[in-house]
Amino acid sequence: MNTLATVLLSVLPIAAGWAVHVWWLRGCLNTARRDPLTGLRTRDGFTRRATALLKDPRAVVVLADVDKFKHINDTYGHAAGDALLKATAERLVHYAGRAGVAGRLGGDEFAAVLIDDHGTPADLLAVLHGVLARPVADQDPGVRTTVSLGWVRAADFPAEDLSGLLRRADEAMYAAKQARAGTRRAGLGWLFATVTGRRAGRTGARTDAPAVGVGA
């Protein structure tokens, strides 16, 4: 019995040390999956959660891009730009709710997967578009802009994975930005690739004419 107790006592520090190490590693991993400015999931963390959510037939994939962000940075400074990004992130998280997920893909580009409980995603996105355009609290009133949104209902393209759905949402978002329409839904209609194609230099650019249509 004394021998067993002695062995256990000798092992405990090692086990405790390993547990602390595992806890530290998990903390590092979680930190790596969070954007330090906004606290949102970065691309890797967002992809993991979003992919799981796409199993829900109510899932809606959204891509959001801040309009004229460079102008805000150049005119009011990077601190103002950072405040705008933080506000955009907070508002997007609020609308994603516990059931959805939001992430920052880089720069002024955000993505989200929302769970549409009422079958009216266009209404939800219209409200979100208005919320994202509100002035930032405690900032110069001039520090305001709109956010162009492109979205796609995952159930409309059951063969597409998250990457494919994000490309469609991106094409719709770019069409909305070009038309100053605010929001645009990826649908089954065809538009010119030069208008709705993913912009040069962006990951996942397509060379074929994208399937993008105006939706309500």
Answer whether the closest heavy-atom distance between the side chains of D35 and T38 falls below 4.5 Å. yes
Between A59 and L53, what is the shortest heavy-atom contact and its length? CB-O, 3.7 Å
Begin with the C-alpha distance, continue with both residues' side-chain angles, and end with the deciding distance and a verdict on side-chain contact (heavy atoms from CB on, under 4.5 Å) for L37 and L85. CA-CA 8 Å; L37 176 64; L85 293 178; 3.8 Å; yes
Working to the nearest 0.5 angstrom, can you tell me the gap between K68 NZ and L84 CG? 13.5 Å
What residue pairs, at least two apart or across chains, pass salt bridge (Lys or Arg N to Asp or Glu O under 4.0 Å) with a residue in residues 71-90? K70-D74
Distance, nearest 0.5 Å, that separates CD of E109 from CG of L166: 8.5 Å
From the list L40, V147, L132, side-chain contact (heavy atoms from CB on, under 4.5 Å) with F110 holds only for L40
Evaluate the side-chain proximity of R104 to T42: yes if any heavy-atom separation is below 4.5 Å, no if none is. no
Just so I know, are the side chains of D156 and R185 near enough to count as touching, which here means a heavy-atom distance under 4.5 Å? yes
Just verifying a value: how many Å separate M173 CE and T183 OG1, rounded to the nearest 0.5 Å? 12.5 Å
Between the side chains of D67 and S148, is a donor N or O closer than 3.5 angstrom to an acceptor N or O? yes
Under 3.5 Å, side chain of R34 to main-chain N/O of G39, donor-acceptor pair present? yes
Do L63 and W151 make a side-chain contact, defined as non-hydrogen atoms from C-beta onward lying under 4.5 Å apart? no
Locate the shortest heavy-atom distance separating A172 from A186; write the atom from each residue and the value. CB-N, 3.8 Å
One thing to verify: whether K177 and D65 come together as a salt bridge, which I'm taking to mean a side-chain N less than 4.0 angstrom from a carboxylate O. yes
Nearest atoms (heavy-atom pairs only) where A99 meets I115: O-CG1, 3.6 Å
Side chains of V113 and R49: does their closest heavy-atom pair fall under 4.5 Å? no
Answer whether the closest heavy-atom distance between the side chains of L165 and F157 falls below 4.5 Å. yes
Is it true that T47 and D44 share a donor-acceptor pair across their side chains at a distance under 3.5 Å? no
Hey, does the side chain of D123 reach the backbone of V127 with a donor-acceptor pair shorter than 3.5 angstrom? no
Where is the tightest heavy-atom contact between G81 and N73, given as atom of each residue plus distance? CA-OD1, 3.4 Å
How many angstroms lie between atom CG of L105 and atom CZ of F46, to the nearest 0.5 angstrom? 6.5 Å
CG-CD1 distance between D140 and I72, expressed to the nearest 0.5 angstrom: 9.0 Å
So, for A155 and P57, which heavy atoms are closest and what is the spacing to 0.1 Å? CB-O, 3.7 Å
Could you tell me whether R168 and E160 have a side-chain N and a carboxylate O separated by less than 4.0 Å? yes
Distance-minimising heavy-atom pair for R184 and A175: NH1-CB, 3.8 Å
To the nearest 0.5 Å, tell me how far L114 CG sits from L125 CG. 6.5 Å
Per the side-chain hydrogen bond (donor to acceptor under 3.5 Å, both in side chains) rule, what does the pair list look like for residues 51-60, sequence neighbours excluded? D56-R58, R58-D117
